[in-house]
2 protein chains.
Amino acid sequence: MLFAMSSPITPTLLLDEQLCFALYAASRRMTAVYRPLLEALELTYPQYLVMLVLWERDGLTVRELGVRLQLDSGTLTPLLKRLEQSGLVQRRRRQSDEREVEITLTEAGRKLHERAAEVPRCLAERLCMSVDAFVRLRDELKSLAAQLAAPSDDD
Amino acid sequence: MLFAMSSPITPTLLLDEQLCFALYAASRRMTAVYRPLLEALELTYPQYLVMLVLWERDGLTVRELGVRLQLDSGTLTPLLKRLEQSGLVQRRRRQSDEREVEITLTEAGRKLHERAAEVPRCLAERLCMSVDAFVRLRDELKSLAAQLAAPSDDD
DNA sequence: AAAAATTAAATTGTACACAATTAAATTTGA
DNA sequence: TCAAATTTAATTGTGTACAATTTAATTTTT
């Protein structure tokens with residue numbers, strides 16, 4: 001019975017064996033846990049990610065935000081319009097290149113940074129995970145994403 | 001310099017340090033890799049997940065599918081109507097309880113199972129991951145999702 | 001048994017994702 | 001230089017996600 005407990009070498013169509021479903025389910029659960037925390041800031045989860053990037057570096061273009069978050073203008077344009085409506089950012093064509101739209105934090109947008117500092121603290125508490133396990137899982141996901149982003153052999 | 005290279009104990013608002021973003025990005029990359037494979041089957045990624053469940057066990061109700069995939073009727077109802085339009089499933093109220101809608105595979109739906117067998121094989125090849133690493137990551141994600149699904153302390 | 005509570009789907013409304021196309025500005029190259 | 005190619009956002013259209021509400025069927029309680 002040497003192989004009885006070993007993992008299947010042949011990929012199957014069983015849901016519970018799929019990495020893809022584990023990833024999809026975990027990702028949705030994660031945003032569900034963020035939701036009530038972000039509701040207090042009146043942000044959706046993707047809006048929060050945009051704010052994270054802008055708090056690190058203000059005045060990026062839509063394209064630069066897209067590179068950072070791996071999102072295209074089809075997603076970002078309406079999202080940024082909503083952030084503008086909320087009074088957190090400003091959108092302005094660049095004089096140097098009128099094709100580009102620069103996204104700048106407003107005073108309210110900068111101000112929100114302080115209140116947002118609570119969010120990762122709440123989450124760290126909720127996760128009940130050692131720092132090592134956290135870092136390891138995060139880095140495994142990063143390398144998986146990098147692997148999946150690489151062009152496939154038949155390109 | 002004992003602590004110089006250690007991981008931050010204090011949670012930060014830096015995008016690259018966030019587990020949540022790594023998860024979100026990896027999940028979207030994964031579905032992007034599935035997309036061309038599933039296009040050949042004329043399925044979207046969530047539709048593929050529904051089919052995986054039905055291939056395992058046919059004749060589930062919308063609620064049972066929802067429990068399995070962690071999706072509600074607001075997501076499933078329109079998705080299942082599209083699968084019905086595609087001729088892959090049938091939707092029918094149960095005689096025993098008219099509240100419930102039973103989802104049954106059609107002949108075409110069952111037939112698709114064979115062609116779908118290619119999908120996990122293509123993906124396994126694409127991932128270039130050892131079986132052990134695959135299983136470990138998958139199980140870590142499962143336990144993370146379980147941890148996130150558990151009620152928080154202040155509930 | 002009839003009212004009240006519960007349950008299952010569907011519906012409504014908002015907000016992503018992303019492919020494909022369009023429009024405008026800029027860069028490149030004959 | 002000026003037409004062609006490229007680049008950047010925006011737009012359009014399809015398909016999820018999910019909260020909140022509605023509708024209909026069933027179960028529970030009095």
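Just so you know, these numbers use all the heavy atoms, side chains as well, and skip hydrogens, waters and symmetry mates. All values derive from a computational prediction rather than experimental measurement. In what follows, chains carry the letters A, B, and so on, assigned in the order in which the sequence lines appear, proteins first and then strands, with residues in each chain numbered from 1.
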Both A:S73 and A:Q95 contact DNA chain C. Taking the nearest nucleotide for each, which residue is further toward the 5' end?
A:S73
Would you please say whether a donor-acceptor pair under 3.5 Å links the side chains of A:T104 and A:Q90?
no
Between P on D:dG15 and CE on B:M51, what's the gap in Å once rounded to a whole number?
16 Å
So what does A:T44 touch, heavy atoms closer than 4.0 Å: a base, only the sugar-phosphate, or nothing?
sugar-phosphate
Starting at the 5' end of DNA chain C and moving along, which residue's nearest nucleotide shows up first, A:R94 or A:Y45?
A:Y45
Using a cut-off of strictly less than 4.0 Å, decide whether B:R35 has a side-chain nitrogen or oxygen near OP1 or OP2 of C:dA17.
no
Interatomic distance where CZ belongs to B:R91 and C1' belongs to C:dA9 [whole Å]:
9 Å
B:R28 atom CZ is separated from D:dG15 atom C1', nearest whole Å, by 16 Å
By nearest heavy atom, map A:R29 and A:T77 onto DNA chain D; which one lands nearer the 5' end?
A:T77
Base, sugar-phosphate, or nothing for A:T31, non-hydrogen atoms under 4.0 angstrom?
nothing
Assign B:L76 to base, sugar-phosphate, or nothing according to its heavy-atom contacts below 4.0 angstrom with the strands shown.
nothing
Check the angle between the aromatic planes of A:Y45 and B:Y24 and answer parallel, tilted or perpendicular using the 30° and 60° thresholds.
perpendicular
Using whole Å, what does the distance between atom P of nucleotide D:dT26 and atom CZ of B:R93 come to?
10 Å
